[in-house]
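Naming convention: chains lettered A, B, ... in sequence-line order (proteins, then strands); numbering from 1 in each chain. Nothing here was measured: the structure is a model prediction, and the numbers come from that model.
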Amino acid sequence: MTAAEIRQQFLDFFQSKQHAVMPSAPIVVKNDPTLLFINSGMAPFKDYFLGNKPAPHKRIADTQKCLRVSGKHNDLEEVGVDTYHHTMFEMLGNWSFGDYFKKEAIEWSWELLTEVYKLDKDRLYVTVFEGDEKEGLDFDQESYDEWKKYIAEDRILRGNKKDNFWEMGDTGPCGPCSEIHADCRSAEERAHVAGATLINADHPQVIEIWNNVFMQFSRMKDGSLQPLPDRHVDTGMGFERLVRVLQGKQSNYDTDVFTSTITAIETITNKKYDYSDSKQAIAFRVLSDHIRAISFTIADGQLPSNTGAGYVIRRILRRAVRYYYSYLDYKQPLLHQLLPVIAMQFDTVFPELKKQEDFVARVIKEEEEAFLRTLEKGLKKMDEIIKQTSTVINGKEVFELYDTYGFPIDLTRLIGSENGLEVDEAAFEAKMLQQKTRSRAATAIDTEDWIEVHEVAKNIFVGYDDLNVATKVARYRKVKAKGKEQFQIVLETTPFYAESGGQVGDVGELMMGSEKLNITDTKKENDLIIHFADSLLEDMSLPVTAKVNWEKRIETTYNHTATHLMHAALRQVLGTHVAQKGSLVNADILRFDFSHFSKMTDEEIRKVEEIVNEKIRKNIPVVIKELPKEEAVKLGAMALFGEKYGDTVRVVTIDPNYSIELCGGTHVGHTGMIGVFTITAESAVAAGVRRIEALTGAAAMRYFVDKVSQHKQIAELLKAKDPFKTVEKLIEDKNALEKKLEALENKELAVMAKELVTKTTSINGTNFLGLSISISSTDALRKLAAQLKPLLNNALVVLTSVVEEKAQVLVMVDEALVTSKNLDASKLIKEQIAPLIKGGGGGQKTMATAGGQDTSQLDKVIETIKTLL
RNA sequence: GGGGAAUUAGCUCAUUUGGUAGAGCGCUUGCAUGGCAUGCAAGAGGUGACCGGUUCGAUUCCGGUAUUCUCCA
């Protein structure tokens, strides 16, 4: 049975049990400050469990792309070392939202495993929650009784709170769970040691394959448990593990989920995968695992970057590079070459990768090249350190290599040992810990419990039509971050648009009688609209009026509609490979990132501006409709990868032949309202991604007026019709004049030098020249000395001058005198001259300069030097 | 969001307690060589990212801004 068949059978099975089969949500998470990536099958359904919104179906089944790189059992550094941990994995799940519960869940899971997949019943064990006195929780008799119908009682094990009580987070839905484990050991081993003793004991062949969670409580901030009104089922079965069990393999990497990738790596590197624990074999596993995580996150819209979720991708990618660089002896970009293999493999389940194959490959290649460059730089730094070190590379240097130059510690270790050097690991760890605690302290957020004011069924957004509504506060809470206190407020109905789809959140005020409260920002947490304020109203329970700042909103709206017009224009001008990769729309500007591989030419930019402005002048009506997703896609709406859509979507159409996009943002009624549009900047943000910044309406007009008046002023200043030509000529002339001036100065100085030479006197066989001269700058003084030098030998020269009311002294000593008379110009200047003129100075032995406040002592300076001879 | 670092000629990079900014490649010109990454000589090319401060004097020290790299969250 192939992996693809196993997946399909799961979905078909639950479809036959009246489940709606849903596609995987994007692996990249938006609108949730607590999560960077989907890390479990239930994550996309959080809102349904929290009661923020109703589930579209009571029963759902799916396979969900998940990513885990941290946590107790998911250290990135462990992936590939063993045979069953992954960064990205698929989680098969079936879900009940207030529908069926323990009985059906248990019955169906048994039916699927034993009758569809035909797993040997002797190899299966299940666990149920034993209860917990401290929490006041009873033994899960209900599940136990259900299991008893299918499986011998000695195969039903009791688990404690750690293993068999699942919680979503510190607070929120939770409940007992029941796991199914499979014993994949050989017959002899099984006869020797009973499987039951190995459950949850980290045995690589006795593994949990499925967890059924029965949500029936909600954890409060004070730690107490409240029963949930609706009970839910949340199950998760690790797909890669399941395939391994069903295909009878010892390792996940030996299943057809990974073998095609491993074969491709063998071909590219000309090395063999030998299933061992060698570094080389680990490298194969690391690469075949990481390429999946990297490819799917990029396809779902997260580019590698140096912060947040993008940084996680970068780290995974770099770990893969490190492995092929060090252990497969491959020094060029490799990962991007694997893309065709996995894009093909997942073509039917996750088509988003195949559709963006070229783009994803280019991003990965670019990123690999960048890191290989970083490695080069680190190697150079490493060389320096090796030269200066005799036995142990100190922690500070190891940390600096790692922290500042991004040079991986394992490479430092490897190269160090090749040069007979050790690494001070303890000091490195200490530095690392310091950095971690500093970062944590800076981001610590203290969130208090919600204070319920009015119970409301649903949080309603009315801001598409109304900017001013009477409503009441549903709940609020205090949030403390970086010593700053803020309040989050949820309203029953709100006109405030929450930051989403690039459009910033609304600002405005809440009013209660004459009392006003400023709303500084509006954000979404999952689907909950949260208003931010610095304080609270005196009485939060009274009715309030919520009022959006109208001016800011309308200007933001101009910019948002203009973004759609521009997106369509870009596709016309540059081609249909242009896809949105991110955007920022606020009252002042619009910024739009899109996939495109070269810098836009001036003509292309002008063409886009022309098209957008033409569409504005046509005053096209903007038509907004709520439609089922499938219908919208049929209309030709641009389906944006990485956007998670519900069943009905909001379709924004500006001329059905021009622009149709799925969008939740706010838009103008007719394009004419935008007024005018202009692009102010075009730049690169990442490999294959360009960024445009633009202005509309009044801001664009101000921009034009400024430019025109600047141009006018320049023309007036130059008294020229064509200022460009004039400026070009001015620059040319200026350069020529500067050169001429410099030549003239040098000539003048040469003449001066010749004249001065005649004033040289001989003292005790040494030529001495001490003069007070008039000169324009210290630079000229130095140049003069340079001119004098070839004209004199065996000479000591002292020149003094007053430049900008400051005393300046230059002392020049012939090389011969430096040794024969032990003269040192720098010493002279510092010890004898500088104090005289109340200043400082220095230089080299043969030439030094000094400057000071006191100009009255310049004659004495010359005398002082003279007496030295 | 919090640290660390970098920014010097068209490109790649030097320049130690602050004292007239250098190299290689590339470019221009001349000469040599039948051609191949040819040789010799001369030359052009720098507001040392930007803005302030300390200093007689800052590429160098200090602060700020921008951009890039990097680590952590």
Side-chain angles (χ1 to χ4, degrees), chain A residues 33-36 69-70 76 304-312 314-315 318 367 369-378 380-381 384 396-409 428-429 431-445 481-484 681 683-686 731 734-735 738-739 742 746 749 777-789 800-812 824-830 833-855 857-858 861:
Chain A
T34 63
L35 207 58
L36 293 174
V69 287
S70 59
L76 176 59
S305 75
N306 58 359
T307 173
Y311 181 58
V312 175
R314 178 166 282 175
R315 246 170 63 195
R318 290 186 170 195
E367 189 66 22
E369 281 168 349
F371 184 53
L372 288 170
R373 279 198 295 273
T374 300
L375 284 182
E376 291 284 316
K377 283 190 182 160
K380 233 168 138 183
K381 186 86 190 163
E384 278 172 37
K396 189 170 163 264
E397 277 172 326
V398 179
F399 185 72
E400 194 190 334
L401 264 173
Y402 174 76
D403 180 68
T404 302
Y405 296 90
F407 199 70
I409 175 125
F428 174 82
E429 290 300 331
K431 286 261 174 197
M432 201 69 209
L433 190 68
Q434 242 177 24
Q435 153 115 310
K436 282 186 183 174
T437 42
R438 195 178 35 228
S439 282
R440 274 206 199 98
T443 46
I445 298 177
K482 281 189 287 178
K484 200 183 144 205
S683 59
V685 267
I731 291 172
K734 177 183 164 277
N735 286 339
E738 270 175 0
K739 256 178 220 162
E742 204 187 329
N746 283 339
L749 288 170
S777 71
T778 53
D779 201 42
L781 195 65
R782 270 198 294 267
K783 277 186 182 155
L784 178 62
Q787 295 273 4
L788 278 169
K789 201 172 179 191
T800 70
S801 180
V802 177
V803 176
E804 285 166 5
E805 289 168 30
K806 277 179 188 161
Q808 295 291 342
V809 178
L810 181 142
V811 176
M812 184 163 71
D824 182 337
S826 177
K827 232 177 175 177
L828 273 176
I829 282 278
K830 272 187 194 155
I833 311 300
L836 269 179
I837 55 171
K838 291 188 182 136
Q844 290 113 18
K845 283 186 176 176
T846 54
M847 172 144 80
T849 57
Q853 311 292 343
D854 193 349
T855 54
Q857 301 295 313
L858 290 177
V861 166

In Å and rounded to the nearest 0.5 Å, what is the NZ to OG1 distance from Lys838(A) to Thr855(A)? 10.0 Å

Thr404(A), nearest nucleotide to its side chain (from C56(B), A5(B), G2(B)): A5(B)

Can you name the atoms? Protein N/O to nucleotides 15-22 of chain B N/O, anything below 3.5 Å, with the distance.
residue	atom	partner	partner atom	Å
G19(B)	O2'	Gln844(A)	NE2	3.4
G19(B)	N7	Gly843(A)	N	3.4
G19(B)	O6	Gly841(A)	O	2.6
G19(B)	O6	Gly842(A)	N	2.8
G19(B)	N1	Gly842(A)	N	3.3
G19(B)	N2	Thr849(A)	OG1	3.1
U20(B)	OP2	Gln844(A)	NE2	3.4
U20(B)	O4'	Arg782(A)	NE	3.3

Determine which nucleotide pairs with G1(B), using a 3.5 Å limit on both distances of a Watson-Crick or G-U wobble pair. C72(B)

Between P of G3(B) and NZ of Lys431(A), the distance in whole Å: 15 Å

When you compare G10(B) with A66(B), how far apart are their P atoms, in angstrom units rounded to a whole number? 26 Å

Would you mind telling me which of C56(B), A5(B), G2(B) lies closest to the side-chain atoms of Arg438(A)? G2(B)

How far, in whole Å, is U15(B) from A9(B) if one measures between their P atoms? 15 Å

If the C1' atom of A5(B) is compared with that of G24(B), how far apart are they to the nearest Å? 26 Å

How many angstroms lie between NZ in Lys396(A) and CG in Leu401(A), if you round to the nearest 0.5 Å? 11.5 Å

Contact summary for Ala834(A) and Gly840(A), nearest pair of heavy atoms: CB-CA, 3.8 Å

With C1' as the reference atom in both, quote the distance from C13(B) to C50(B) in angstrom, rounded to an integer. 22 Å

Euclidean distance, atom CG of residue Leu36(A) to atom P of G1(B) [Å, nearest integer]: 14 Å

Can you check the distance between G19(B) and G64(B), where both ends of the measurement are the C1' atom (answer in whole Å)? 27 Å

Without decimals, in angstroms, what is the distance between Gln857(A) CD and C56(B) C1'? 16 Å

Does a nitrogen or oxygen in the side chain of Arg373(A) sit under 4.0 Å from OP1 or OP2 of A6(B)? no

Taking a pair to mean Watson-Crick or G-U wobble geometry with both distances below 3.5 Å, U60(B) pairs with none

To the nearest 0.5 Å, what is the distance between OG1 (Thr374(A)) and CD (Glu369(A))? 12.0 Å

Does C72(B) have its OP1 or OP2 closer than 4.0 Å to a side-chain nitrogen or oxygen of Tyr402(A)? yes

From CG of Leu810(A) across to C1' of C56(B) the rounded distance in Å is 13 Å

For atom P, what is the distance between U47(B) and U60(B), given to the nearest Å? 16 Å

Sort out for me which residue in Val809(A), Leu836(A), Ile833(A) forms a side-chain contact (heavy atoms from CB on, under 4.5 Å) with Leu858(A). Val809(A)

Has the side chain of Gln808(A) got a donor or acceptor atom sitting under 3.5 Å from an opposite partner on the base of C56(B)? no

5' priority, RNA chain B, between Gly406(A) and Arg440(A) [closest heavy atom]: Gly406(A)

Return the pairing partner of U55(B) with a 3.5 Å limit on both distances, Watson-Crick or G-U wobble; otherwise return none. none

Looking at Tyr311(A), I'd like to know whether one of its side-chain N or O atoms comes within less than 4.0 Å of OP1 or OP2 on C71(B). yes

Glu397(A) CD to G4(B) C1', in whole Å, measures 15 Å

Quick one: which of A5(B), A73(B), U70(B) gets closest to the side chain of Arg318(A)? U70(B)

Need one value for Ser826(A): base, sugar-phosphate or nothing, where a base atom within 4.0 Å counts as base even if backbone is also close, heavy atoms only. nothing

G-U wobble or Watson-Crick pairing nucleotide for U28(B) (cut-off 3.5 Å, both distances): A42(B)

Could you please name the option among C71(B), U70(B), C56(B) that lies closest to any side-chain atom of Met432(A)? C71(B)

Measure CG/Asp403(A) against P/C71(B) and give the value in whole Å, please. 8 Å

Roughly how far, to the nearest 0.5 Å, is CZ of Arg315(A) from CG of Leu76(A)? 6.0 Å

Using atom C1' of each nucleotide, how far apart are A41(B) and A49(B) to the nearest Å? 36 Å

To the nearest Å, how far apart are Lys377(A) NZ and C71(B) P? 13 Å

Just so I know, are the side chains of Glu397(A) and Lys381(A) near enough to count as touching, which here means a heavy-atom distance under 4.5 Å? no

If you only use heavy atoms from C-beta on, which nucleotide in C56(B), C72(B), G4(B) is closest to the side chain of Ser439(A)? C72(B)

For C71(B), does OP1 or OP2 lie under 4.0 Å from any side-chain N or O of Arg314(A)? no

Paired nucleotide for A37(B) [Watson-Crick or G-U wobble; both distances under 3.5 Å]: none

Without decimals, in angstroms, what is the distance between Tyr405(A) OH and G3(B) P? 19 Å

What integer number of Å spans the C1' atoms of U8(B) and G45(B)? 14 Å

Tyr402(A) vs Lys431(A), test: side chain to side chain contact (heavy atoms under 4.5 Å, CB included). Steps then yes/no. CA-CA 11 Å; Tyr402(A) 174 76; Lys431(A) 286 261 174 197; over 6 Å; no

Going by the side-chain contact (heavy atoms from CB on, under 4.5 Å) test, name the single residue among Val861(A), Val811(A), Thr849(A) that passes it with Ile829(A). Val811(A)

Would you indicate what Gln434(A) reaches in the nucleic acid, counting non-hydrogen atoms under 4.0 angstrom: base, sugar-phosphate, or nothing? nothing

Taking all atoms of both residues into account, what is the closest heavy-atom pair of Ala309(A) and Leu36(A), and its distance? N-CD2, 3.9 Å

Can you tell me the base-pairing partner of U7(B)? Count Watson-Crick or G-U wobble geometry only, both distances below 3.5 Å, and say none if there is no partner. A66(B)

